[in-house]
Structures are given as C-alpha cells and as structure tokens.
Amino acid sequence: MPDTSTGSRRNGRSTGSTASTGNTATPARRTVLAATTGLTTALALGGTAHAAAPDDRKLRALIARMTLPEKVGQLFVMRVYGHSATAPDQADIDANLKEIGVRTAAELIARYRVGGIIYFTWAHNTRDPHQIADLSNGIQKASLTQPRGLPVLISTDQEHGIVCRVGEPATLFPGAMAIGAGGSGTDARTLGRIAGQELKALGIRQNYSPVADVNVNPANPVIGVRSFGADPDAVAGMVAAEVAGYQRSRHDRQVAATAKHFPGHGDTAVDSHYGFPVITHSREQWETLDAPPFRAAVRAGIDSIMTAHIMVPALDDSGDPATLSRPILTGILREELGYDGLVVTDSLGMEGVRTKYGDDRVPVLALKAGVDQLLNPPNLAIAWNAVLKAVQDGELTEARLDESILRVLRLKAKLRLFEEPYVSQGGVDRNVGTASHLKTADRIAERTTTLLVNEGHLLPLSRRACPRLLVVGADPASPSGTTGPPTGVLATALTELGFTATALSTGTAPSSSTIARAVEAARAADAVVVGTYNVTASSTQKTLVEQLLATGRPVVAVAIRNPYDVAHLPAVQACLASYSWTDVELRAAARVIAGRVSPRGRLPVPVQRADDPTRVLYPLGHGLSYGRGRSA
C-alpha cells in the first residue's frame with residue numbers, strides 16, 4: 001500500500017477559465033488580491049521570473065495577523081473526496097460527510113483553513129489532467145476568498161513505477177528501482193524535470209518523492225522497488241539528481257520534492273501501514289546505510305522531508321516512532337544534518353504511528369518532536385482540536401506553531417503561490433503528456449530493463465523462428481492509471497513488434513486447472529513469455545513456470561515487480577527484470593525481448609539464493625547484454 005493511504009479508502013475538457021467539473025470560473029488575479037485584503041500583495045517577491053528568497057519579515061507579519069484557529073489549520077494537509085472543489089459526485093459528498101464532516105473541498109477549507117490538500121486516485125481527485133487543473137483552481141479560489149486567505153499547497157504521491165496518483169495521459173516514468181538499474185543520474189534528473197513540469201501544470205506543487213530509503217531487505221513489504229536500490233552511495237546520487245530535476249528550472253521552482261522516509265525505512269519486514277516496524281541498525285550502521293541519501297537530499301536543497309512511522313532504538317530508545325521523536329527529528333535531522341526545510345509526517349492514519357498513542361495525542365507529539373506538516377489524520381476534527389487545545393492549555397506555545405507556519409509559508413512563497421496560485425487549461429495542453437515527454441520516458445525505460453539469465457542466447461527472440469507467442473502470468477491491478485493488464489500490454493507490444501502474441505492471464509496464484517489451460521495453450525505456441533510477480537518457494541507461479549518448461553517450448557520470464565523472482569526459477573532459460581508492471585516498463589521489456597534494443601540495466605540490489613539466503617546468486621551490478629556475457 002502506498003505511503004499516504006488511510007485505511008478508509010474508497011474503492012470532458014474545459015476551455016477558457018471556466019471549469020467543466022462544477023468549479024466556478026477562476027477569478028482574475030486582481031480579484032484574488034482584492035479578496036485577500038492585500039495580504040498576498042505584501043508578499044510579492046519581485047517581478048522577475050526567478051523567485052527571490054522569501055522575506056521572513058513579511059511572512060512573520062502575515063502570521064501575526066492570523067487567528068489561532070487559522071494557524072492550526074495551516075499545519076494540516078488533508079484528503080478530500082471528489083473531482084471538484086464545489087460540486088463533487090453525491091458518493092463523494094457522502095464520503096466527506098462521513099469522514100470529515102464537510103461536503104466539499106471548499107467546505108473543508110472554510111471550516112478548518114487547512115494549509116494543504118493531498119490528491120489520491122481512490123478519492124477521485126485525479127480523473128484526467130484538465131479535471132485536476134480545475135480542481136486545483138477551485139481549491140485555490142476557495143481558500144483565497146476566505147478572510148486572510150492563503151494559497152493552498154497541493155500535494156500527491158507521484159513516485160512513478162508502482163506508486164502514482166496521476167495516470168495517463170500524463171507521462172509515466174519507470175519507478176525508482178528501475179532508474180537505479182539504469183544507473184544514470186541524468187535520467188533521474190530528467191524524470192524530475194519533466195514530472196515536475198507536468199505536476200506544476202496541474203496545480204500540484206509538493207510531490208512526495210523521491211524515496212530515499214535504501215532497500216537492503218529483500219523481504220521489505222512496503223518499500224522494495226520504490227527504492228533506488230541497496231547501495232547507499234548510488235541511492236544518494238539518484239536522490240540528489242531527482243531532487244535537482246524537480247526543484248530547479250530556468251524559470252523557478254517547479255514543485256517541492258520530498259525525501260522519504262526519514263530516518264530510513266529500507267530494512268524492515270513490517271509494513272508501517274499495518275504494524276509498527278523496528279529497525280535494529282546500530283548508530284554506525286544507520287550512518288553507513290540509511291543516512292547517505294538523506295544527507296545528499298539536504299545538500300541538494302530538498303524542500304521537504306517525510307518522516308517514517310518506525311522505531312529505531314539506536315537513535316531513540318524511548319519506544320516512540322520517528323515521527324514523534326524529538327531526538328530523531330530535531331536532534332539528528334535539524335541539528336546534526338543541518339536541515340531547516342519542511343518536515344511532513346507520513347500519513348497519520350497508518351498503524352505505525354497509532355500503536356502507542358491515541359489520534360488526539362499523535363499530532364501534538366509530532367509538533368513537539370519538530371514536525372511542520374501533519375498529513376492526513378484519520379479524524380481531522382480530533383487532530384485539529386487537539387492541537388488547538390494543546391496551545392490553549394500551554395502544552396504547545398503559539399510561538400512553536402509560528403515556527404512551523406513560517407516554514408510552510410516560506411515554501412509557498414518559494415513556489416510563487418502567492419503570486420501565481422492558478423493554472424490554465426492551455427498550460428495543461430502545453431505540458432502534460434506531450435509527445436516529447438512520452439518519447440523520453442520510453443527511451444529512459446529502455447535503459448533500465450535488466451537481463452538476468454539468457455541460456456543459449458535464447459534472447460532476443462526471432463520472429464522467424466518464434467512467430468507465435470503466448471503471454472501468460474500475473475495480472476495485478478494497474479498501479480498508476482495505465483492501461484493494463486500486464487499480459488495484455490506485453491502481448492499488444494509484441495504483436496506491434498511483428499509477432500503474433502496471445503494473452504492468457506493466470507494470476508498471482510494460478511490453480512491447477514489454470515496451469516493446465518496455460519500448458520495446453522503453450523503447446524500451440526512457438527515460445528512463451530510469463531510475467532511473474534513476487535514468486536516464493538511455495539508459489540504456484542513457480543509450478544506454472546516449471547510446467548511450461550516441461551512442454552519443451554522456450555520460456556522467457558519477466559519479473560514484473562521484484563527482481564528476486566529469478567532465485568525461485570532456476571531452470572528458466574531467460575529472465576528479465578522490469579521492476580514494475582506499468583506500461584512504459586512493459587513496452588521496454590517487449591522491445592528487449594524482440595531485440596529492438598539491447599538490455600542495459602544492471603541489478604541495483606543483490607539477489608540471494610533461494611536455498612541459502614546467506615549466499616548471493618546475482619551480485620549488485622549484474623546484468624547481461626546481447627552479444628556478451630555478464631558485466632558489472
């Protein structure tokens with residue numbers, strides 16, 4: 001499950017400045033400035049395209065005019081259901097009333113004066129680019145027309161790979177582990193630049209990416225392929241490159257990047273959405289394994305860092321999660337690493353932060369630890385009122401709130417949200433999912449596909465020797481609004497490359513009858529491509545591959561998520577790792593299978609033997625190319 005889920009998830013184009021989704025027309029800039037009683041004009045940072053450093057004196061003057069409830073609201077980033085800020089579907093109105101006590105995003109802002117809103121696919125915020133832009137404009141208008149209104153910092157999880165909120169027709173890139181396999185900092189920076197450009201056009205200005213966790217545990221259920229890899233220095237380089245792409249351009253900051261999950265979520269077998277992970281690294285191990293990517297992010301000028309709901313006794317032996325730990329967030333992140341940017345919690349609806357304290361204590365303790373933004377509490381009324389009461393009772397000072405609000409407003413000023421809060425439909429057309437962006441994503445994906453096994457030079461497949469292909473395997477739901485299912489995407493891509501390919505979905509746990517049907521279909525094909533998904537020693541996916549091999553037909557395995565699958569498939573003749581089952585990665589794998597491009601990816605994680613995990617089967621850096629053997 002992605003980072004900022006809550007456990008309560010629910011499963012036409014416009015022109016000019018009037019939204020087709022129920023939002024009213026976007027106000028002209030002069031109207032907005034008048035409606036905000038001159039507050040935003042006091043924060044103008046100059047007329048050049050390059051944003052100057054925010055003027056803290058002006059920001060502090062703005063904070064001084066805010067009421068205490070308004071200050072509390074600025075600290076929260078909240079979900080809200082619906083495709084429109086003012087006229088969502090009835091089902092979304094009902095969901096908002098049940099979970100938040102308001103009907104719409106506009107009502108959420110009016111009641112709680114939240115400083116940020118996070119977009120989710122499952123909350124129906126991200127149907128298509130033009131709708132997203134309209135929603136963003138509606139949210140900004142709802143906030144800016146309040147007394148002492150401020151622009152909203154709109155965020156999302158657009159990691160690429162298996163975690164994305166904005167799907168096609170926006171440009172989707174390979175995920176972090178694939179980028180790590182490509183090994184190109186230039187590609188990482190390009191990803192950030194293009195993704196940031198597209199998000200900015202949609203009004204999304206804070207992206208919860210890149211993942212800075214070093215995935216040293218193959219059993220990690222929550223990070224895995226969302227990490228750039230297992231080498232701390234390589235991960236650090238990729239993090240810094242992607243941050244540079246997101247945050248730097250010729251004109252101004254595109255979006256605020258967010259390094260996550262501090263102090264490092266890469267070595268755990270527990271998913272913090274459902275449990276409370278404990279990281280047993282010593283302080284020395286943390287310095288060597290976990291810290292380098294976060295240090296690199298700080299050096300790169302990262303705008304925000306997300307906390308992890310994990311316990312690291314070597315850093316804080318109190319038993320508190322890092323999100324609530326002052327020794328970790330203030331002592332290490334602020335004082336030792338020298339970071340003075342925004343600190344945002346992971347979702348406060350996750351079990352890892354709720355295990356020890358109630359939902360009323362968590363936001364207060366997070367602020368006392370050094371957090372600035374409180375992300376997605378399960379019950380906003382409880383969390384908001386708890387912070388308000390903590391100030392009224394003297395547990396939190398208003399000066400402590402002001403410190404975090406200043407960081408929030410600094411970032412909004414850096415992003416020029418006070419001057420340019422709105423986006424245009426023309427900007428969507430010029431920037432989102434353009435032909436050049438899509439072509440760039442395809443070229444980057446080709447450099448990530450990793451060939452792990454190629455016995456007898458089976459690959460590339462010949463269209464003359466193997467014209468008829470059967471594509472079978474797991475078909476997990478599309479992770480990012482792509483077309484899917486994986487077997488269909490692979491079959492279509494291979495057919496377009498000159499083969500006659502047929503898709504047969506066998507699932508992640510094929511039954512004996514499903515396996516028999518696949519074996520029968522394989523006998524009518526010249527070769528079989530099988531997509532595997534998190535194969536284990538007892539997985540019937542392993543049985544499927546073994547029985548397909550028994551037909552005598554050539555079998556090509558494509559690990560469509562974890563590259564560790566290959567350890568459970570010792571007899572397979574050819575195996576590729578795509579690191580995700582999004583279209584861009586699957587199409588690249590098809591081009592490698594067909595020989596249109598040579599595989600260039602190198603494992604960014606080691607693969608241990610299935611029969612003896614203490615021994616390495618394929619080392620970090622392993623990868624084959626056509627015409628030559630193993631290379632490092």
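All residue numbers in this chain count up from 1 along the given sequence. Just so we're clear, the structure is a prediction, and the values are computed from it rather than from any experiment.
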Donor-acceptor side-chain pairing of [X] and [Y] below 3.5 angstrom:
| X | Y | answer |
| --- | --- | --- |
| D583 | T483 | yes |
| Q158 | N207 | no |
| H568 | S539 | no |
| T543 | T540 | no |
| T532 | Q541 | no |
| S209 | E242 | yes |
| D271 | H273 | yes |
| R165 | Y119 | no |

[Y] and [X], any side-chain heavy atoms less than 4.5 Å apart:
| X | Y | answer |
| --- | --- | --- |
| P563 | Y579 | yes |
| P476 | P486 | yes |
| N562 | V605 | no |
| P88 | Y81 | no |
| T582 | I162 | no |
| Q547 | T551 | no |
| I154 | R205 | no |
| I179 | F228 | yes |

Give a yes or no on whether the backbone of [Y] and the side-chain of [X] come within a donor-acceptor separation of less than 3.5 Å.
| X | Y | value |
| --- | --- | --- |
| W581 | A477 | yes |
| N454 | L459 | yes |
| Y626 | V597 | no |
| T506 | G473 | yes |
| Q247 | V255 | no |
| T514 | P510 | no |
| D565 | V535 | yes |
| S136 | I132 | yes |
| T448 | A445 | yes |

(message) Can you tell me if R600 has over 12 outside heavy atoms packed within less than 6.0 Å of its CZ?
(response)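 No - once you tally the heavy atoms of other residues, nucleotides and ligands closer than 6.0 Å, there are 12 at most.
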
(message) Go through it in stages, so that I can follow the logic: the residues are V472 and S505, the test is side chain to side chain contact (heavy atoms under 4.5 Å, CB included), and I'd like the CA-CA distance, side-chain angles, deciding distance and then a yes or no.
(response) CA-CA 5 Å; V472 302; S505 176; over 6 Å; no

(request) Can you spot which of R468, R553, R464 makes a side chain to side chain donor-acceptor pair (under 3.5 Å) with D526? (result)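 Of the listed residues R468, R553, R464, the side chain to side chain donor-acceptor pair (under 3.5 Å) partner of D526 is R468.
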
Spacing of [atom1] belonging to [X] relative to [atom2] belonging to [Y], to within rounding of 0.5 Å:
| X | Y | atom1 | atom2 | value |
| --- | --- | --- | --- | --- |
| L569 | C575 | CG | SG | 6.0 Å |
| L586 | T449 | CG | OG1 | 9.0 Å |
| T258 | Y246 | OG1 | OH | 9.5 Å |
| D213 | T268 | CG | OG1 | 10.5 Å |
| F120 | N125 | CZ | CG | 8.5 Å |
| S347 | H309 | OG | NE2 | 6.0 Å |

(request) Evaluate the ring planes of H261 and H265, with Trp represented by its six-membered ring, and classify them as parallel (under 30°), tilted (30 to 60°) or perpendicular (over 60°). (result)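 H261 and H265: perpendicular rings.
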
(request) Could you give me the CA-CA distance, side-chain angles and deciding distance for Q608 and L617, then say whether side chain to side chain contact (heavy atoms under 4.5 Å, CB included) is met? (result) CA-CA 5 Å; Q608 283 80 22; L617 178 64; over 6 Å; no

Please name the pair of heavy atoms, one in [X] and one in [Y], separated by the smallest distance, quoted to 0.1 Å.
| X | Y | value |
| --- | --- | --- |
| A259 | A297 | CB-CB, 3.9 Å |
| A610 | A567 | CB-O, 3.4 Å |
| A527 | L461 | CB-CD1, 4.4 Å |
| I194 | T440 | CD1-CG2, 3.9 Å |
| P129 | L202 | O-CD2, 3.4 Å |
| T450 | G623 | CG2-CA, 4.3 Å |

[X] and [Y] ion-paired at < 4.0 Å:
| X | Y | answer |
| --- | --- | --- |
| K260 | D157 | yes |
| R226 | E159 | yes |
| R127 | D89 | yes |
| R517 | E520 | no |

(request) Please test V607 against V566 for side chain to side chain contact (heavy atoms under 4.5 Å, CB included), starting from the C-alpha separation and ending with a verdict. (result) CA-CA 8 Å; V607 174; V566 66; 3.9 Å; yes

(request) Assess whether side-chain hydrogen bond (donor to acceptor under 3.5 Å, both in side chains) is satisfied between H83 and D92, documenting all intermediate values. (result) CA-CA 9 Å; H83 70 290; D92 292 322; 5.0 Å; no

(request) Could you check V270, D267, V222, N220 and say which one makes a side-chain contact (heavy atoms from CB on, under 4.5 Å) with P277? (result)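 Single side-chain contact (heavy atoms from CB on, under 4.5 Å) partner of P277 among V270, D267, V222, N220: V270.
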
(request) Quick one: which residue pairs count as a side chain to side chain donor-acceptor pair (under 3.5 Å) with a foot in residues 484-498, not counting sequence neighbours? (result)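 Residue pairs passing side chain to side chain donor-acceptor pair (under 3.5 Å), neighbours aside: D475-T487.
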
(request) Start with the C-alpha distance between H622 and L452, add both sets of side-chain angles, then the distance that settles side chain to side chain contact (heavy atoms under 4.5 Å, CB included), and finish with yes or no. (result) CA-CA 7 Å; H622 169 74; L452 302 174; 3.9 Å; yes

(request) Using the test salt bridge (charged side-chain N to carboxylate O under 4.0 Å, His left out), find all partners of E198 that sit at least two apart in sequence or belong to another chain. (result)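 Expected list: none.
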
